[in-house]
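Quick caveat, the model's predicted, so the values are computed rather than measured. Position 1 is the first residue of the sequence; numbering continues from there.
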Amino acid sequence: MPASKHVFLMCPPEYFTVAYIINPWMHGNLRKIDNAVAKQQWRALYDTLTDHATVRLVLPQPGSPDMVFTANAGLVKGKHFIVSRFRYPERQYEEPYFADWFMDRGYDVSLMPRDVPFEGAGDALFDRGSPVLWMAHGHRSISAAREVLHDRLDVDVVTLKLVDQRFYHLDTCFCPLEGGYTLYYPTAFDDESRAVIEARVPAAKRIAIQEEDALAFACNAVNIDDTVVVNKASAAFVKALGAKGLQVLQTPLSEFMKAGGSAKCLTLRLNEP
């Protein structure tokens, strides 16, 4: 199978730092990023992904230290790109750079309404077993984004509510995997959302993880065929995924964890059908 079947967008961490606090992970980490280590960790992730996929790059911009987290740029489906509307002003500077990147490459680019915060593939993830888009609200994106996504992408959107501030984006606690499996941390969601997940995903396809792995952002994974790339994982996590025929690759991303991001946050999947 050719590596180019899968394509991801990444942004080098040239200006990456913790310059403000907009999530709980950033507390205590202001200006405490070792950028040299961050660059080494980012490069290791890049090299790991390029063994399995094509990686394209967007140029980092001064004044946008979180631009490295390309998952939040927007949502891709086919040649349509919906640009994020960031909740916090600190990240709104990124929006035009991502919009320009996609427009320059022939995508149909559209904007979310200004009064509808929506943070892209951080809060909206396509299922790998059924034609469903999972979308979270509660911390960053708002539930009204559901109607916009449904109308523009003609997709079944299932909403989930996040209730733990540590898991402020869907991709920090939920990861659809190839084969229709779903990796998730149940207590990040309210009771109703857990019930929705259980109703939509058969028990044999659900992989619920423990807090240890959740806090290491094991759900913030990049899944390429039968490979799952994470920051780090417990032996139990590796065994659980191995039982489903999935191989776990670990590549340390501790500097990015200080800003509340890991492997998935650092990538945006471009080959969404």
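- Side-chain N or O atoms of N23 include one that pairs as donor or acceptor with a backbone N or O of A259 at under 3.5 Å.
- For the residue pair T48 / Y46, no side-chain donor-acceptor distance below 3.5 Å is found, with atom types taken as modelled.
- Annotation: side chain of W134 is in contact with side chain of L170 (closest heavy-atom distance under 4.5 Å).
- A side-chain donor from one of N72 and R91 sits under 3.5 Å from a side-chain acceptor of the other.
- For R56, the CZ atom sits in a loose shell: 12 or fewer heavy atoms of surrounding residues, nucleotides or ligands are nearer than 6.0 Å.
- Side-chain contact of D123 with S141: a donor-acceptor pair under 3.5 Å is present, judged by distance alone.
- Residues R140 and P117 fail the side-chain proximity criterion, which asks for heavy atoms closer than 4.5 Å.
- In this structure, the side chains of V109 and I82 stay at 4.5 Å or more apart for every pair of heavy atoms.
- Side-chain N/O atoms of S193 and D190 include a donor and acceptor closer than 3.5 Å.
- Inter-residue side-chain proximity for Q61 and L59 is flagged as met; some heavy-atom pair is nearer than 4.5 Å.
- Judged by distance alone, with hydrogens and angles left aside, the side-chain atoms of N35 form a donor-acceptor pair with the main-chain N or O of P13 at under 3.5 Å.
- T251 and Q41 share no donor-acceptor pair across their side chains, judged by distance under 3.5 Å alone.
- Under a cut-off of 6.0 angstrom, the local environment of NZ in K239 is sparse, with at most 12 non-hydrogen atoms contributed by other residues, nucleotides or ligands.
- In summary, E272 and K77 do not engage in a salt bridge, as defined by a charged side-chain N under 4.0 Å from a carboxylate O.
- Within a 6.0 Å radius of CD in Q250, more than 12 heavy atoms belonging to other residues, nucleotides or ligands are found.
- Taking 4.5 Å as the limit, every side-chain heavy atom of L270 sits out of range of all side-chain heavy atoms of T54.
- Looking only at atom types and distance, the side chain of H6 has a donor-acceptor partner in the side chain of D225 under 3.5 Å away.
- Residues K205 and D127 are not paired through a salt bridge, judged by the lack of any N-O separation under 4.0 Å between the basic side chain and the carboxylate.
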Mind running ring pair (Phe, Tyr, Trp, His ring centres under 6.0 Å) on F256 and F16 for me, showing each step along the way?
-> CA-CA 9 Å; F256 299 98; F16 173 63; 4.7 Å; yes
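- For the residue pair Y20 and D66, a side-chain donor N or O sits within less than 3.5 Å of a side-chain acceptor on the partner.
- Using a 4.5 Å heavy-atom cutoff, the side chains of D156 and H150 are not in contact.
- Defined by atom type and a distance below 3.5 Å, a donor-acceptor pair is present between the side-chain atoms of S234 and D213.
- Side-chain rings of F174 and Y185 stay apart, their centers remaining 6.0 Å or farther from each other.
- Under a 3.5 Å cut-off, the side chain of N231 and the backbone N or O of P252 do not form any donor-acceptor pair.
- Salt bridge present: D171 and K264 bring a charged side-chain N and a carboxylate O closer than 4.0 Å.
- Heavy-atom contacts from other residues, nucleotides or ligands closer than 6.0 Å to CG of D154 number 12 or fewer.
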Could you walk me through whether I209 and C219 pass the side-chain contact (heavy atoms from CB on, under 4.5 Å) test, one step at a time?
-> CA-CA 8 Å; I209 68 169; C219 286; 3.5 Å; yes
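- Using a 4.0 Å cut-off between charged side-chain N and carboxylate O, K32 and E255 make no salt bridge.
- Contact annotation: the side chain of H137 approaches that of T159 to within less than 4.5 Å [non-hydrogen atoms, C-beta and beyond].
- Between F81 and Y107, the two ring planes are perpendicular [angle over 60°; tilted spans 30° to 60°].
- Salt-bridge formation is detected for the pair E14/K39: a Lys NZ or Arg NE/NH1/NH2 atom is positioned less than 4.0 Å from an Asp or Glu carboxylate oxygen.
- Annotation: side chain of K161 is not in contact with side chain of D191 (no heavy-atom distance under 4.5 Å).
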For the pair R85 and E94, evaluate salt bridge (Lys or Arg N to Asp or Glu O under 4.0 Å) and give the outcome as yes or no after the intermediate values.
-> CA-CA 10 Å; R85 289 291 197 191; E94 302 170 30; over 6 Å; no
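- A cation-pi geometry, defined here as NZ or CZ lying under 6.0 Å from the six-membered ring centre and within 45° of its normal, does not hold between K244 and Y181.
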Assess whether salt bridge (Lys or Arg N to Asp or Glu O under 4.0 Å) is satisfied between E119 and R87, documenting all intermediate values.
-> CA-CA 8 Å; E119 302 204 349; R87 177 176 289 273; 5.7 Å; no
